Colleague: 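I have a structure I would like to understand better, so I am pasting it below and will then ask my questions one at a time.
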Amino acid sequence: MGFSQNISRLQPSATIAVSTLAKKLTAEGRDIINLSAGEPDFDTPAWISDGAVSGIRDGRTRYTPTPGMPALRQAVAGFMAHESGREVAPDGVVVSNGAKQSLFNAAFTLFGPGDEVLIGSPYWTSYPQIVTLARAEPVFVSGAESREFLLTPEDLDRAATQRTRGLILSSPSNPTGAVYSGAELEAVARWARDRGVWLVTDEIYRHIYYGDEPSAAGLLSLPADALGDFVLIDGVSKSWAMTGWRIGYAYTSAEVAKKMSALQSHMTSNAAAPSQMAALTAYSDPERALASAAEMTAAFRRRRDLVTRLFREALPDLPFVEPRGAFYLFFRVDSLFDDSCADSSAWCTRMLEDTGVAMVPGVAFGDDRFVRLSFATSDELLEQAIHRLAEAVAGAGAAGA
């Protein structure tokens, strides 16, 4: 059986694969602690869900314009304006079926054969797959581990060529939890502007931030003259525990937004109308929405502090990137590799089999030395999981002594 060249290099999502396996083992009766999932464990705030219910009862269940309900596009623009203090045009907003489709729309609209797209590494697993599906070439570029892998203009200069057309990065980062400061992000933005490179930023975790400000720095918090051509990606999934609602959006120039909308019209048409009503409820009340996000972030901060403390106490030989946002711990395990367990995939498989703790191997994110652990679960389960890992690591060390 032959398949199209369009998918010849396509790989399935490793994060979804691990989560699926963990759920399967749980269904079989295994005692599994699933720390692979990239979603909050909270319920969607009731007042946001009520907006969808009211919309359904009011008959808001039909097709909407492809780029989203006009009221929702206006509300998203108003929300961004509320946060950034700058004018945001609704005609630059395209609402999609999750931020992943927004990224897909951007890549298909902007990149193609012969183009190279720089991707900050470690990276979310779908970035290179999306670029490859657009028939462009992903080029991975990593900052120094001592700088939490954050990119500098010098890093980008070393990777760029005459074919470089775009740069994709996320802040706060999935998988590392690293966050660009305003100055660091501005330096990258000016680099992209000066070289005529499209800057695509994934800001889906921006409100899950452990700094002093309500949210991490984003493109719209930068000086206007720092920005060249850009596409900002965001959505409701992480900040308001709405992963299953599938609402993301892109913000860019009106011209590019029209092209992305035209593309989406032939793929999925519009995002689900009830989901758009829920998002409209959230974005129409910025103060309440930000308060809900802050409430969840406070719990994530407590868990972040718990996990990092337990790692320092129980697993002191496994260094990690200090999570400054999102809800992941990216820790290094290559010191534990041996002939029977020679990479991050094998190590994660061994831990799942021996301890029942499910995590995602770092190879899925472009760095085989590391493993990603999600702390979007209860304190009790996190303590149990790290206790199990510490016992397994200590047992392996004793066996090898």
Side-chain angles (χ1 to χ4, degrees), residues 2-16 66-68 92-142 151 156 159-171 173-175 188-189 191-193 195-204 219 228-235 237 246 248-271 364-366:
F3 294 100
S4 167
Q5 286 296 310
N6 292 337
I7 62 168
S8 62
R9 296 163 61 189
L10 184 65
Q11 298 294 322
S13 169
T15 54
I16 292 176
T66 295
V93 176
V94 179
V95 177
S96 302
N97 294 276
K100 186 179 290 189
Q101 184 176 22
S102 296
L103 285 160
F104 186 93
N105 289 347
F108 259 63
T109 300
L110 300 176
F111 312 132
D115 294 334
E116 293 180 348
V117 180
L118 304 183
I119 297 177
S121 179
Y123 47 78
W124 181 49
T125 58
S126 290
Y127 295 154
Q129 302 300 321
I130 289 170
V131 169
T132 299
L133 285 170
R135 298 197 178 191
E137 191 67 31
V139 176
F140 306 117
V141 52
S142 181
L151 300 175
L156 296 168
T161 71
Q162 293 298 313
R163 296 169 55 198
T164 301
R165 172 94 172 145
L167 165 63
I168 300 175
L169 57 83
S170 63
S171 179
S173 167
N174 175 8
V188 170
W191 179 92
R193 180 206 63 186
R195 285 155 183 78
V197 169
W198 279 97
L199 177 58
V200 181
T201 59
D202 183 349
E203 302 187 6
I204 195 71
L219 287 190
D229 295 324
F230 72 88
V231 179
L232 185 160
I233 306 293
D234 205 340
S237 294
R246 308 313 303 136
Y249 68 82
Y251 176 63
T252 184
S253 69
E255 179 184 8
V256 176
K258 287 180 180 178
K259 296 293 186 183
M260 290 195 294
S261 179
L263 173 66
Q264 183 169 299
S265 73
H266 295 293
M267 292 194 299
T268 59
S269 297
N270 57 273
F365 309 107

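In this text, all values refer to a predicted model and were calculated from it rather than measured experimentally.
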Colleague: Just wondering, do Trp198 and Thr252 contact through their side chains at under 4.5 Å, heavy atoms?
Modeller: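 When only atoms from C-beta onward are counted, Trp198 and Thr252 do touch, with a gap below 4.5 Å.
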
Colleague: Might you point out which heavy atoms bring Ile130 and Ala107 nearest each other, and give the distance in Å?
Modeller: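 In terms of heavy atoms, the two residues are closest at CG2-CB, 3.5 Å.
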
Colleague: Given 3.5 Å as the limit, does a donor-acceptor pair link the side chain of Ser265 with the main chain of Ala262, or not?
Modeller: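 Yes, Ser265 side chain to Ala262 backbone: donor-acceptor pair under 3.5 Å.
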
Colleague: What heavy-atom pair brings Gly68 and Val95 nearest, and what distance separates the two atoms?
Modeller: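 Taking Gly68 first and Val95 second, the nearest heavy atoms are CA-CB, 4.0 Å.
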
Colleague: Once side-chain hydrogen bond (donor to acceptor under 3.5 Å, both in side chains) is applied, do any residues pair with Thr268, and if so which ones, sequence neighbours excluded?
Modeller: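 Listed in chain order: Asn97, Gln101.
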
Colleague: Report the residue from Ser96, Pro67, Ser102 that forms a side chain to side chain contact (heavy atoms under 4.5 Å, CB included) with Gln264.
Modeller: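 Exactly one candidate clears the test, Ser96.
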
Colleague: Run the ring pair (Phe, Tyr, Trp, His ring centres under 6.0 Å) test against Tyr127 and tell me which residues pass, sequence neighbours left out.
Modeller: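 Tyr127 satisfies ring pair (Phe, Tyr, Trp, His ring centres under 6.0 Å) with Trp124 only.
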
Colleague: For residues 95-114, which residue pairs qualify under salt bridge (charged side-chain N to carboxylate O under 4.0 Å, His left out), counting only residues two or more places apart or in two chains?
Modeller: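 Pairs touching residues 95-114 that pass the test: none.
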
Colleague: Taking the side chain from Thr164 and the backbone from Thr161, do they hold a donor-acceptor pair closer than 3.5 Å?
Modeller: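 Confirmed, Thr164 side chain pairs with Thr161 backbone.
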
Colleague: Got a sec, which residues hit side chain to side chain contact (heavy atoms under 4.5 Å, CB included) with Leu156, two or more places apart in sequence or on another chain?
Modeller: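 Result, side chain to side chain contact (heavy atoms under 4.5 Å, CB included) vs Leu156: Leu118, Val141, Leu151, Leu167, Val188, Trp191.
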
Colleague: With sequence neighbours excluded, tell me which residues meet ring pair (Phe, Tyr, Trp, His ring centres under 6.0 Å) with Phe230.
Modeller: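 Applying ring pair (Phe, Tyr, Trp, His ring centres under 6.0 Å) to Phe230 gives none.
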
Colleague: With Arg195, which residues qualify under salt bridge (charged side-chain N to carboxylate O under 4.0 Å, His left out), at least two apart?
Modeller: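 Here the qualifying residues are Asp157.
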
Colleague: If you look at every heavy atom in Thr125 and Pro128, which pair is closest and at what distance?
Modeller: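 In terms of heavy atoms, the two residues are closest at O-CD, 3.5 Å.
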
Colleague: Under a plain distance cut-off of 3.5 Å, with no hydrogens placed, do Ser253 and Glu255 share a side-chain donor-acceptor pair?
Modeller: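 No donor-acceptor contact under 3.5 Å links the two side chains.
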
Colleague: Under the 3.5 angstrom rule, does the side chain of Ser121 hit a backbone N or O of Ser142 as a donor-acceptor pair?
Modeller: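 Absent.
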
Colleague: List the residues meeting salt bridge (charged side-chain N to carboxylate O under 4.0 Å, His left out) with Arg163, not counting sequence neighbours, and say none if there are none.
Modeller: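 With sequence neighbours excluded, Arg163 shows a salt bridge (charged side-chain N to carboxylate O under 4.0 Å, His left out) to Glu116, given in chain and number order.
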
Colleague: Please identify each residue that fulfils side-chain hydrogen bond (donor to acceptor under 3.5 Å, both in side chains) with Asn6, with sequence neighbours left out.
Modeller: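 Checked Asn6 against side-chain hydrogen bond (donor to acceptor under 3.5 Å, both in side chains); matches are Ser4, Arg135.
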
Colleague: Which residues pass the side-chain hydrogen bond (donor to acceptor under 3.5 Å, both in side chains) test with Ser173, sequence neighbours left out?
Modeller: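 Thr176.
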
Colleague: Going by the rule ring pair (Phe, Tyr, Trp, His ring centres under 6.0 Å), which residues pair with Tyr251 if we only count those two or more places apart in sequence or in a different chain?
Modeller: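 If we apply the ring pair (Phe, Tyr, Trp, His ring centres under 6.0 Å) test to Tyr251, skipping adjacent residues, there are no hits.
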
Colleague: Considering only residues two or more places apart or on different chains, which pairs with a residue in residues 118-130 satisfy salt bridge (charged side-chain N to carboxylate O under 4.0 Å, His left out)?
Modeller: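 Pairs touching residues 118-130 that pass the test: none.
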
Colleague: Calculate, to the nearest 0.5 Å, the distance between atoms CD1 and CG belonging to Ile233 and Asp202 respectively.
Modeller: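 One finds 7.0 Å between CD1 of Ile233 and CG of Asp202.
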
Colleague: Kindly compute the distance separating OG1 (Thr132) from CZ (Phe111), expressed to the nearest 0.5 Å.
Modeller: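 Answer rounded to 0.5 Å: 12.5 Å.
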
Colleague: With rounding to the nearest 0.5 angstrom, report the CE to CG distance, Met260 to Leu263.
Modeller: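 Going from CE on Met260 over to CG on Leu263, the span is 9.0 Å.
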
Colleague: Identify the heavy atoms of Leu199 and Ala192 that sit nearest to each other, and give their distance.
Modeller: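 Here Leu199 and Ala192 meet closest at CB-CB, 4.1 Å.
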
Colleague: Quick one: closest heavy-atom pair of Ile204 and Ala99, and the distance?
Modeller: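 Where Ile204 meets Ala99 most closely, the heavy atoms are CD1-CB, 4.1 Å.
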
Colleague: Supply the atom-to-atom distance Glu203 CD to Ser170 OG, rounded to the nearest 0.5 angstrom.
Modeller: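 Result: 10.0 Å between the selected atoms.
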
Colleague: Under the side-chain hydrogen bond (donor to acceptor under 3.5 Å, both in side chains) rule, collect the residues that match up with Arg193, sequence neighbours excluded.
Modeller: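 If we apply the side-chain hydrogen bond (donor to acceptor under 3.5 Å, both in side chains) test to Arg193, skipping adjacent residues, there are no hits.
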
